[in-house]
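Input: a single structure, listed below in structure tokens.
Here is the naming used below: chain letters follow the sequence lines, and residue numbers restart at 1 for every chain. The figures that follow rest on heavy atoms only: side chains count, while hydrogens, waters and symmetry mates do not.
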Amino acid sequence: MNFLKRHLRTYAALVRFSLSRTLEFRVDFFFRFFMDCIFYALSIAFFEVLFLHTDHLGGWQRHEVLLFVSGGLLLDGVFMTIIARNVWELPRLVNKGELDFQILRPVSPLFFVMTRHFEFSSLMNVFLAIGIMAYAVNLFPEPLSAAQLAGFLFLLANGFILMTAMRMFTVLPVFWTHSDLGFHMLYMSLEQVSERPEVIFRGLTHLLFTTLLPFIVITSFPARWFFGSLSWLEFSYAVALSVGFFGLMVFIWGRGLRVYSSASS
Amino acid sequence: MGLKIAAPLRHSWLVFSAETKRLTAYRAQFWFELVLSSIVELLIALAVWRTVFAASGATQIGGYTLEGMMLYLTVAIFFGQATKGTGVGTFQREVYDGSLTKYLIYPLSVYSYKLGTFMPRSLFALGQMLLALAGIWLLGYWPPETSLSFEWMMAGIVCLFFSCLLYFFLIILLESLAFWADNIWALSYALQIAIVFLSGKAVPLELFPSWVRSVLEISPFPFLAYFPAQVFLGTIDYHNFVAGVPVLLGWTVAAYAGSRIIMSRGLHRYTGVGQ
């Protein structure tokens with residue numbers, strides 16, 4: 001209990017520090033908000049252009065695709081708010097030996113490294129994504145059930161854990177390779193898979209993106225639950241996968257810490 | 001006069017060589033990422049358009065067959081990667097942390113240095129594209145309605161070179177705003193995101209609504225992927241090519257002049273904090 005309290009207090013302090021920093025760079029705050037707005041607008045515009053030339057996408061109607069996109073945007077917003085910058089900075093901490101200062105603190109080093117920065121500018125976009133989601137839900141002709149919404153939000157949270165683990169997999173190799181960005185570029189390309197509906201992938205690519213690189217599970221599974229086309233078996237598989245991937249990430253982190261030898265201190 | 005031009009070019013060449021070595025320092029990772037990320041991008045494009053063609057039941061969309069669409073996107077994706085270069089975003093950081101000072105006290109132009117770091121990725125992307133096109137041809141997916149000619153390919157590569165310059169100057173122009181605002185990487189990134197969609201790298205511009213195309217025609221965006229790709233493939237008619245080249249050059253010169261004006265104004269405010 002004390003362990004949990006200590007971490008919650010630490011997190012509250014980190015969020016306060018992030019807020020102070022955000023207030024120092026107010027122009028940057030609006031630029032970041034503007035950047036995410038452009039990203040959101042173009043993510044929707046891409047599918048709007050496709051729907052000018054077809055009335056469905058592998059059976060998914062326009063409102064269904066919009067709900068799928070809004071789920072992805074919400075995940076992106078939450079990830080950018082809580083995790084993204086911390087993962088981005090990990091290679092620098094390892095290569096410059098600055099990780100020393102994080103592993104000496106009386107809290108979990110992994111927790112501290114992954115939560116140091118809280119991006120308030122991205123938090124604004126979380127609300128924007130929720131607004132788009134509400135609009136998309138409103139386009140569905142059938143009334144919304146509690147189970148539909150609860151399962152959808154639960155699978156999005158599950159997708160967030162999976163996303164965090166997968167993003168960490170791309171930077172954890174820096175403990176061994178000492179490269180400047182890890183496999184960041186590759187992840188950015190692969191991440192596009194989660195921005196496209198599951199129905200466009202077939203055969204081997206579908207198998208790959210639901211198992212080894214489960215980007216489809218992150219965003220398409222929640223949407224399919226909402227449409228009523230996701231089985232309980234697939235639901236359980238998604239949960240097991242995020243638990244397994246997160247466990248593996250913690251294991252690799254531990255191994256990485258063992259080989260970490262600091263750089264300058 | 002000759003010496004004045006030769007020195008920046010020599011600097012650019014030296015930086016270009018050093019940057020190429022830096023990019024390939026972690027050789028296995030570099031090639032793994034470069035090749036795999038391109039394959040993923042092409043696979044996703046194929047998956048999307050195969051689904052759209054199947055769902056619409058059409059054999060042609062916006063004048064493209066599925067094979068024609070994939071050929072266009074292959075060229076546009078690699079041209080998009082080429083124009084993007086490397087080192088984008090470093091200029092604003094140098095203004096912010098004061099490391100821009102090195103260009104001011106040494107006989108080294110910001111432009112020749114930055115261009116040298118920008119171009120190596122473009123060359124890799126061009127080489128990759130030629131390999132990808134060879135792959136499409138060998139696998140038998142080449143659209144019968146398109147045949148490459150040496151003249152159009154060369155014209156396309158020359159246009160691509162100017163597209164790289166245009167992108168470079170646009171980014172420098174925008175990042176020069178860092179002299180007034182502390183941190184503007186997000187603005188620079190927003191431009192990069194907009195370019196991916198509005199340059200025709202994700203969807204050919206023929207598929208956009210006509211009002212969007214009318215707006216884009218008076219912007220530099222189509223010249224960053226769509227125009228050079230059409231020229232390379234020879235799918236542009238001669239009249240549009242002749243009309244488009246001066247516009248591409250005009251945008252490049254305008255972006256260069258704009259970046260110089262903003263930078264020279266900004267340098268009056270520059271304090272070299274921290275250096």
- prompt: If you count heavy-atom pairs under 4.5 Å between each of A/I38, A/V199, A/T205 and chain B, which one has the most?
  reply: A/I38
Given that the side chain runs from C-beta out, which part of [X] has a heavy atom under 4.5 Å from chain B: side chain, backbone, both or neither?
X: A/V193; value: both
X: A/R196; value: side chain
X: A/L52; value: side chain

Strictly by modelled atom types, are [X] and [Y] linked by a side-chain donor-acceptor pair under 3.5 Å?
X: A/H56; Y: A/E64; answer: no
X: A/S189; Y: B/E41; answer: no
X: B/Q128; Y: B/S38; answer: yes

task: Determine which residues belonging to residues 43-50 of chain A lie within contact range of chain B, meaning some heavy atom pair is under 4.5 Å apart, and list them by number or answer 'none'.
output: A/A45, A/F46, A/V49, A/L50
Ring centroids only, cut at 6.0 angstrom: are [X] and [Y] within range, meaning strictly under it?
X: A/F17; Y: A/F118; value: no
X: B/F169; Y: B/W251; value: no
X: B/W49; Y: B/Y64; value: no

- prompt: What part of B/A54 gets closer than 4.5 Å to chain A, counting heavy atoms only: side chain, backbone, both or neither?
  reply: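 It is neither, since no heavy atom gets under 4.5 Å.
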Chain A contact via B/I193 - which portion, at a heavy-atom distance below 4.5 Å: both
Greatest number of heavy atom pairs closer than 4.5 Å to chain A - which of [options]:
options: B/V40, B/I61, B/V52, B/L207; answer: B/L207
options: B/L191, B/V196, B/V212, B/L187; answer: B/L187
options: B/V48, B/V203, B/L46, B/I39; answer: B/V48

task: Quick one: sort the A/F169 and A/F245 rings into parallel, tilted or perpendicular, breaks at 30° and 60°.
output: tilted
Aromatic plane relationship, A/Y187 with A/F215 - under 30° parallel, 30 to 60° tilted, over 60° perpendicular: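 Geometry flag for A/Y187 against A/F215: tilted rings.
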query: Nearest 0.5 Å, what's the CG-CG distance between A/L14 and A/L19?
result: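 Output value for this atom pair is 12.5 Å.
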- prompt: When you measure from the centre of the six-membered ring of A/F221, is the NZ or CZ of A/R224 under 6.0 Å away and within 45° of the axis?
  reply: yes
